[in-house]
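All chains are named by letter (A, B, ...) in the order of the sequence lines, taking the proteins before the strands, and each is independently numbered beginning at 1.
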Amino acid sequence: MSVTNSEIAVMFEELADLLEIEGANPFRVRAYRNAARAIADNPKRMTDLLAEGQDLARLPGIGKAIAAKIEAIASTGTLRQLADVKRRIPEAMGRLMHVRGLGPKRVKTLCAALQVRSVEDLQRALRSGRIRELEGFGEKTEKLIAQGLQQVAADERRTSWSVARQIAEPLVDYLRAVEGVRHVTVAGSYRRHRDTVGDLDILVASGKGSQVVQRFVAYEDVVRVVAQGRTRSSVILRSGLQVDLRAVPESSYGAALLYFTGSKAHNIAVRKIAVRRRLKINEYGVFRGDKRVAGKTETEVYAAIGLPFIEPELRENRGEIEAAEANALPDPIQLRHIKGDLHCHTTASDGMQTLGDLAKAAQARGYEYVAVTDHSKRLTVAHGLNVRRLRRQIAAIDRLNEKLDGMVVLKGAEVDILEDGTLDLPNDVLAALDLTVCAIHHRFELSRHKQTERVLRAMDLPCFNVLAHPTGRLLGERAPYEIDLERIMQAARERGCFLEVNAQPQRLDLSDTLCMLAKEIGVKVAVSTDAHRATDLDFMELGIHQARRGWLERTDVINTRSLGSLRRLLGRH
DNA sequence: GCCGTTTTCGGCCCGACTGTTTTCAGTCG
């Protein structure tokens with residue numbers, strides 16, 4: 001079994017943690033962290049790139065030394081340098097770095113003075129009350145570490161974007177009502193529309209920062225104030241979510257928005273360009289010497305370093321800076337481009353809405369079409385349709401369409417891809433449909449090779465249209481199954497098939513980087529909600545966020561097409 | 001350890017907040 005990118009990335013992260021505790025050159029440590037991120041972000045497997053004879057040192061953030069280390073990991077499954085440092089520094093100390101309030105220096109001190117080498121040791125040391133007696137530590141620091149330890153589990157749990165929105169919106173309304181507040185924006189990964197957020201970063205434009213901070217910490221959902229200064233504060237809400245607030249004067253709002261939106265990697269890349277131009281960018285503006293030359297809007301800040309505005313979803317330092325410099329940024333898809341939903345369930349299988357409800361809900365959103373795609377018979381828990389029931393549904397949809405004005409209900413099915421690569425319903429009935437949405441719902445544990453062959457075989461069938469939720473991941477619950485999506489995407493392009501961006505908040509599968517891969521390979525996608533009730537149609541917005549993060553444009557997404565054009569694409573002939 | 005519009009050496013983003021300090025180190029984002 002070959003090593004995955006995330007496994008390689010974890011090894012470099014661990015190496016960085018341990019070396020940092022050891023006091024290694026901080027730039028070397030950063031290089032390992034940058035490499036870990038570059039590897040984790042890359043949708044293509046390092047092992048596959050190596051097998052193709054590609055030079056990994058050509059990837060940004062990876063040079064000759066790290067490329068050689070990746071090769072070693074690929075061939076041996078281990079990294080010698082990591083094993084070496086683990087002999088010098090107990091492995092568990094790396095995890096201590098993830099306790100809020102502990103960095104490399106404090107971890108090192110705790111180890112030297114109190115023999116703290118693990119989370120359990122740390123708990124013991126806290127109980128003994130000896131931490132406060134260490135030089136450079138004190139009672140407050142001890143308390144900070146104790147709280148950090150309690151939060152460790154919560155910190156590892158990220159919040160889905162849609163849940164974060166439910167928490168963020170009332171807080172934003174509350175802050176907008178504070179006297180003197182001009183603008184409030186939830187920045188950070190929330191504004192970049194990542195599928196999950198670790199915390200909320202709220203930026204406020206106000207001439208009276210400390211007043212805003214005082215009102216902020218008094219918000220009814222705040223259970224703990226982590227930090228409180230004149231312009232900046234951090235709190236923990238009842239939900240466990242941390243919220244960081246920053247207040248700046250209106251004249252700095254653009255620069256602060258850029259800074260607080262991130263990503264960190266994007267900011268660093270932007271500031272490096274500024275340095276090359278003998279400028280300095282901070283959250284207050286763009287400076288040439290002491291003279292401020294920009295800062296009120298983000299557009300102004302980007303312009304100061306010769307770049308066009310970059311959409312927040314693109315700010316991950318995944319090539320957007322280079323694209324901006326070359327004036328080749330994508331024009332990301334928007335919600336208003338969507339003309340219909342291609343994956344929806346009704347009460348015929350496991351949905352909560354009738355056929356009529358679904359049609360009405362789709363029409364209310366101004367759609368030209370909506371596809372009914374109930375489950376096939378293997379999925380008995382979802383009351384999947386057999387041939388007889390599917391034929392009955394087809395007839396019912398025909399009758400409904402005769403009555404509908406201005407919208408068409410498409411006949412479809414979400415068909416199980418069986419283990420042998422056949423589909424769960426026979427060809428003749430599938431041929432009577434407008435489209436099929438095919439998916440894996442069992443045997444997730446097959447080897448990468450077998451899983452890939454399974455889908456490729458299914459895709460050879462003429463009635464296969466869209467591969468639904470292509471990795472099967474459930475955020476925070478279930479990892480993606482092993483599958484070679486690069487091969488699948490190539491095969492899909494050759495056969496006229498498509499991949500889905502499933503807009504369910506816990507799926508959002510394809511992921512952002514896999515959307516980028518789809519675009520690179522040239523296979524188009526469907527952004528679909530997998531709706532089980534009428535309100536689920538609103539998940540479309542989340543799918544659009546993900547598609548935008550994956551650089552997808554209107555023409556990359558098939559359900560931006562008018563009905564006639566869509567039908568031609570689904571024909572496969 | 002990476003990288004190159006001061007290019008193979010010598011840099012590497014930048015500032016706020018806190019605690020324990022009398023001027024700053026550590027951590028965080």
When you check the gap from the basic side-chain N to the acidic O, do [X] and [Y] get nearer than 4.0 Å?
X	Y	value
A:Glu313	A:Arg549	no
A:Glu311	A:Arg548	yes
A:Arg106	A:Glu135	no
A:Arg487	A:Asp48	no
A:Asp55	A:Arg58	no
A:Asp509	A:Arg473	no
A:Asp41	A:Arg318	yes
A:Lys519	A:Glu553	yes

For [X], which contact category applies under a 4.0 Å heavy-atom criterion: base, sugar-phosphate, or nothing?
X	value
A:Pro26	nothing
A:Ser234	nothing
A:Lys69	sugar-phosphate
A:Tyr259	base
A:Gly262	nothing
A:Gly188	nothing
A:Leu144	nothing
A:Val29	nothing
A:Asn34	nothing
A:Arg33	nothing
A:Glu139	sugar-phosphate
A:Arg232	base

Going by number, which of residues 80-92 of chain A have a non-hydrogen atom under 4.0 Å from DNA chain B? none
What residues in residues 264-273 of chain A put a non-hydrogen atom under 4.0 Å from any atom of DNA chain B? A:Lys264, A:Ile268, A:Arg271, A:Lys272
Quick check for you: name the first and last nucleotides of DNA chain B, 5' to 3', having an atom under 4.0 Å from a heavy atom of chain A. B:dG1 to B:dG29
Whole-Å [atom1] distance, [N] and [M]:
N	M	atom1	answer
B:dT22	B:dT7	C1'	45 Å
B:dT8	B:dG15	C1'	33 Å
B:dA16	B:dT21	P	24 Å
B:dC12	B:dT20	C1'	30 Å
B:dC14	B:dG4	C1'	22 Å
B:dG1	B:dT5	C1'	23 Å

A:Thr299-A:Thr297 side chain donor-acceptor pair, cut-off 3.5 Å: no
For residues 138-150 of chain A, pull every pair meeting salt bridge (charged side-chain N to carboxylate O under 4.0 Å, His left out), keeping only residues two or more places apart or in separate chains. A:Arg132-A:Glu142
Can you pull out every side chain to side chain donor-acceptor pair (under 3.5 Å) where at least one residue sits in residues 15-27 of chain A? Sequence neighbours excluded, please. A:Asp17-A:Arg33, A:Asp17-A:His98, A:Glu20-A:Arg33, A:Glu22-A:Arg88
Donor-acceptor pairs under 3.5 angstrom involving side-chain atoms of residues 212-227 of chain A: please list them, not counting sequence neighbours.
{"residue": "A:Asp221", "atom": "OD1", "partner": "A:Arg238", "partner atom": "NE", "Å": "3.4"}
{"residue": "A:Asp221", "atom": "OD1", "partner": "A:Arg238", "partner atom": "NH2", "Å": "3.0"}
{"residue": "A:Arg224", "atom": "NH1", "partner": "A:Gln147", "partner atom": "OE1", "Å": "2.8"}

Looking at B:dT8, which nucleotide sits across from it as a Watson-Crick or G-U wobble partner, both distances under 3.5 angstrom, or is there none? none
Toward the 5' end of DNA chain B, which comes first, A:Arg246 or A:Ile62, by nearest nucleotide? A:Ile62
With nearest nucleotides of DNA chain B determined for A:Ser233 and A:Gly63 from heavy-atom distances, which residue corresponds to the more 5′ nucleotide? A:Gly63
A:Arg507 vs A:Arg478, side chain to side chain contact (heavy atoms under 4.5 Å, CB included): CA-CA, chis, key distance, verdict: CA-CA 10 Å; A:Arg507 286 197 187 271; A:Arg478 185 169 77 205; 4.1 Å; yes
